[in-house]
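Data block below; observations after.
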Amino acid sequence: QVQLVESGGGLVQAGGSLRLSCAASGRTFSGCAMGWFRQAPGKEREFVAVISMSGARTNFADSVKGRFAISRDNAKNTVYLHMNRLKPDDTAVYYCAADVSAYPDTYNTDTKSYRYWGQGTQVTVSS
């Protein structure tokens with residue numbers, strides 16, 4: 001069992017930055033690949049970014065490449081999503097999720113691979 005709590009969302013102007021945090025408790029955090037997903041109104045939940053167990057490997061959706069970064073601190077059981085040059089299209093509820101099935105230094109980008117999810121945090125980017 002993994003409990004995930006996101007924070008850091010809010011309202012920001014286009015071009016601004018936000019850092020989302022996801023604090024984990026329960027199962028060993030370092031044994032999970034961690035992903036960020038988002039869901040805009042009327043749209044399906046989509047992959048944003050993922051980081052492998054050790055942090056050695058990351059991957060990003062094409063829509064956020066070059067603007068977003070992901071990092072993790074296994075000592076603090078926390079994963080971060082650093083969002084820069086935000087656009088109105090980035091407006092969504094952002095969720096972090098834990099994948100306990102990934103092998104070390106691998107990752108998955110499909111929602112079905114993630115067993116545990118946070119409650120989400122709203123990010124709104126105004127134009």
Side-chain angles (χ1 to χ4, degrees):
Q1 191 83 1
V2 179
Q3 293 79 41
L4 302 171
V5 179
E6 301 99 334
S7 61
L11 174 64
V12 63
Q13 288 188 333
S17 299
L18 281 175
R19 187 185 76 166
L20 305 183
S21 300
C22 174
S25 60
R27 184 189 178 114
T28 303
F29 175 75
S30 59
C32 303
M34 296 298 297
W36 285 96
F37 295 79
R38 67 187 182 186
Q39 189 166 17
K43 296 187 177 181
E44 293 189 353
R45 193 168 298 188
E46 65 176 5
F47 165 75
V48 175
V50 62
I51 188 166
S52 63
M53 291 181 195
S54 68
R57 296 189 67 198
T58 60
N59 193 21
F60 298 90
D62 288 343
S63 59
V64 306
K65 276 181 182 176
R67 299 189 298 121
F68 289 13
I70 186 171
S71 63
R72 65 189 295 162
D73 185 338
N74 286 345
K76 295 182 178 180
N77 288 356
T78 302
V79 62
Y80 304 96
L81 184 67
H82 310 266
M83 305 186 295
N84 301 304
R85 291 185 281 136
L86 283 160
K87 305 175 181 179
D89 284 349
D90 295 318
T91 295
V93 177
Y94 283 71
Y95 299 90
C96 72
D99 178 6
V100 301
S101 66
Y103 291 99
D105 288 335
T106 66
Y107 51 72
N108 296 300
T109 62
D110 59 294
T111 57
K112 293 181 180 179
S113 294
Y114 290 78
R115 184 183 299 181
Y116 302 105
W117 293 82
Q119 83 288 349
T121 186
Q122 177 70 47
V123 172
T124 303
V125 184
S126 63
S127 57

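Model, not experiment: these values are computed from the prediction. Both backbone and side-chain heavy atoms feed into the values below; hydrogens, waters and symmetry mates do not.
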Q) Do the side chain of E6 and the main chain of T121 share a donor and acceptor less than 3.5 angstrom apart? A) no

Q. Does V2 offer a backbone N or O that forms a donor-acceptor pair with the side chain of R115 under 3.5 Å?
A. no

Q. So how far is it from Q13 CD to S126 OG, rounded to the nearest 0.5 Å?
A. 5.0 Å

Q: Take L86 and F68, measure what side chain to side chain contact (heavy atoms under 4.5 Å, CB included) needs, and give me the verdict at the end.
A: CA-CA 9 Å; L86 283 160; F68 289 13; 3.8 Å; yes

Q: May I ask whether Y95 and Y107 are part of the same hydrophobic cluster, defined by side-chain heavy atoms of I, L, V, M, F, W, Y residues being less than 4.5 angstrom apart, directly or through others?
A: yes

Q. Is there a chain of hydrophobic side chains (I, L, V, M, F, W, Y, each step under 4.5 Å between heavy atoms) that links F47 to I70?
A. no

Q) Looking at L20, L81, T91, which hits side-chain contact (heavy atoms from CB on, under 4.5 Å) with V123? A) L20

Q) How far does CG of D99 sit from OG1 of T111, to the nearest 0.5 angstrom? A) 11.0 Å

Q. After noting the C-alpha distance and the side-chain angles of D62 and K65, does the key distance pass the salt bridge (charged side-chain N to carboxylate O under 4.0 Å, His left out) rule?
A. CA-CA 5 Å; D62 288 343; K65 276 181 182 176; 3.3 Å; yes

Q. Can you tell me how far OG1 of T58 sits from CZ of R72, rounded to the nearest 0.5 angstrom?
A. 12.0 Å

Q) Measuring from N84:CG to L18:CG, what's the distance to the nearest 0.5 Å? A) 9.5 Å

**Q.** Sidechain-backbone polar pair: N74 side chain, M53 backbone, donor-acceptor under 3.5 Å
**A.** yes

Q: Would you mind telling me which of V79, N77, V100 makes a side-chain contact (heavy atoms from CB on, under 4.5 Å) with C32?
A: V100

Q) Is a side-chain N or O of Y114 found less than 3.5 angstrom from the main chain of N108, in a donor-acceptor match? A) yes

Q | Side-chain touch S63/R38, heavy atoms, less than 4.5 angstrom | A | yes

(Q) Applying side-chain hydrogen bond (donor to acceptor under 3.5 Å, both in side chains) to S52 and D105, what does each step give before you reach the verdict? (A) CA-CA 5 Å; S52 63; D105 288 335; 3.3 Å; yes

Q: Specify whether F37 and W117 have parallel, tilted or perpendicular ring planes, treating 30° as the upper limit for parallel and 60° as the lower limit for perpendicular.
A: tilted

Q | Donor-acceptor pair, side chain of Q39 and main chain of A92, under 3.5 angstrom | A | no

Q.
side chain to side chain contact (heavy atoms under 4.5 Å, CB included) for M34 and F29? Distances and angles first, verdict last.
A. CA-CA 9 Å; M34 296 298 297; F29 175 75; 3.7 Å; yes

**Q.** Test side chain to side chain contact (heavy atoms under 4.5 Å, CB included) applied to D73 and Y80, step by step
**A.** CA-CA 8 Å; D73 185 338; Y80 304 96; 4.3 Å; yes

Q) Considering only heavy atoms from C-beta outward, does the side chain of M83 approach that of V12 to under 4.5 Å? A) no

Q | Check: Y116 and Q1 side chains under 4.5 Å, non-hydrogen atoms | A | yes

